[in-house]
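Working notes for the structure below.
This structure is a prediction, so every number in the text was calculated from the model and none was measured.
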Amino acid sequence: MGESSLNIFLAFISVILVVFIIGITLFVSQYRRKKLQYEQEKTSIAKKHELELLNIQLQAQEQTMQFIGREIHDSVAQKLTLAAIYTQKLEYENQYPGMTGRLESISSVINDSLHELRDLSKTLTDNKMHDSSLEELLSAECERVNETGICRARITTSFEGMISVTVKSFLLRIVQEFLQNSLRHSEARMINVTIEEKEGDLYLTAFDNGKGFDTKNVGSKGIGLSNMERRVHSMGGNFQLTSKSGEGTRLEVRIPEENLMTK
Amino acid sequence: MKTYQLVQYGLVIMEAIAFLIAVFHWQKVKNSYWKWFVVYLGIIVLSEIAGLTLLYHFKLVWSSRNLYTYFVIPLEFLFFFWLYFRYYENRSARYWPLVGAVIYAVAALVNFIFYPHTNIGLFPFSYMLGIILVLALAILFFYQLMVGNELLGFKYNTMFWVSLGLLIFYLVSSPYFGLRQLLYAKYRDIFWIYYYIQFGVNYLMYIFFCIAFIWGKAR
């Protein structure tokens with residue numbers, strides 16, 4: 001009786017020790033897992049924040065340039081035009097015959113300055129996003145890809161509806177991100193971008209024939225992908241990215257008709 | 001004075017240190033339920049002093065035992081059930097400490113009414129049941145901590161240190177309390193080794209209580 005009780009006692013002690021060791025191991029491994037997850041989330045948030053800051057910075061820069069451009073065109077250039085007219089008038093009326101040559105020089109300097117300022121104003125206010133169609137913008141992007149010689153990019157479009165500058169800009173950024181990812185990571189030989197209209201909605205499809213990737217395990221690349229998704233959702237659209245190892249990557253975006261003119 | 005007596009007095013000193021550290025951090029806990037933990041530690045210190053005085057000064061062995069059986073031990077268990085209940089107040093696990101407290105209270109009453117002459121020296125079943133229930137609550141706490149979002153800041157979680165102290169103390173000392181008579185009668189050497197181990201983990205529990213007050217942030 002005594003010996004068997006002692007055995008039970010020793011077995012009990014052993015069980016307690018084992019339970020304790022298992023408990024500590026589980027606790028430590030779970031702690032490390034959560035710590036790693038926390039660090040990854042922190043890095044991801046920091047990168048997202050950085051990207052948003054960059055976007056805001058670019059927008060502010062663009063707005064400032066446009067403002068300066070408009071000011072040059074509407075204010076300084078107008079005054080110089082006026083100065084040129086006055087000078088030409090003086091020259092025409094010939095009130096100061098001895099100064100004709102100098103007035104010609106002044107008029108020439110003013111006209112040169114006016115040309116330079118108009119050029120500068122045009123450069124500053126030149127906004128491809130406003131002036132070019134989505135097809136033109138995307139074709140230019142595909143052209144840049146083709147110039148690298150890494151792969152062949154092609155755009156096909158049958159969309160003829162109206163879209164706002166914001167939607168155009170978002171779609172351009174999404175395609176740029178897709179093209180860059182394909183160039184950097186996919187080893188694709190061919191990229192196809194299609195924009196079409198179905199029942200008024202806009203459908204953007206991009207496909208590459210590269211090596212594909214596991215969409216659940218994207219690491220740092222996930223920031224670009226989540227930005228694409230965020231942009232689509234901000235336009236009230238649907239976003240789908242499918243990829244399988246060795247079978248390429250396919251991006252499908254749908255923007256509903258009622259949101260195509262989102263400002 | 002014998003070594004085992006020294007160890008007993010040492011434990012009272014350790015408890016008093018824990019109480020003093022708790023009082024020192026009163027400002028931190030005075031607006032939370034943790035202030036009652038300070039009061040609890042004070043009562044434990046006074047009870048231990050009373051118990052040892054009755055035992056060694058007045059030689060009233062049964063009075064000392066009764067003090068532990070009918071006051072100190074039920075207070076310990078019921079207090080920790082209450083502490084877990086307050087901790088889980090806004091969580092789904094809040095009913096488990098209540099269930100534990102009711103089970104223990106019923107077991108203790110049955111123990112006291114139907115077996116009035118049993119006490120800690122004879123290992124009443126209510127005592128072992130109390131240990132198992134507190135251990136279950138401590139394990140539940142660690143499980144919830146591991147699956148929840150508070151794991152990364154565990155160092156500042158007061159309940160973490162309290163639960164760790166309880167877990168180590170009750171887990172290590174439960175075999176001793178369960179088989180103490182047998183060990184004393186037949187395996188005296190093992191008994192004395194375990195006697196000191198049991199006191200060691202008791203010291204450790206109060207050290208963790210001190211850390212709980214020093215590092216912990218009362219919610």
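Defined by atom type and a distance below 3.5 Å, a donor-acceptor pair is missing between the side-chain atoms of B/Glu150 and B/Tyr156.
Between B/Trp82 and B/Phe85, the distance from one ring center to the other does not fall under 6.0 angstrom. Two rings, from A/Phe159 and A/Tyr203, have their centers 6.0 Å or more apart.
Both the backbone and the side chain of A/Phe27 come within less than 4.5 Å of a heavy atom in chain B. Residue B/Tyr143 does not touch chain A at all, counting heavy-atom pairs closer than 4.5 Å. When heavy atoms are compared at a cutoff of 4.5 Å, A/Leu17 does not approach chain B at all.
For the set B/Ile168, B/Leu151, B/Leu171, B/Ile139, the entry with the most heavy-atom pairs within less than 4.5 Å of chain A is B/Leu151.
Taking the centre and axis of the six-membered ring of B/Tyr84, the NZ or CZ atom of B/Arg86 falls outside the cone set by 45° and 6.0 Å.
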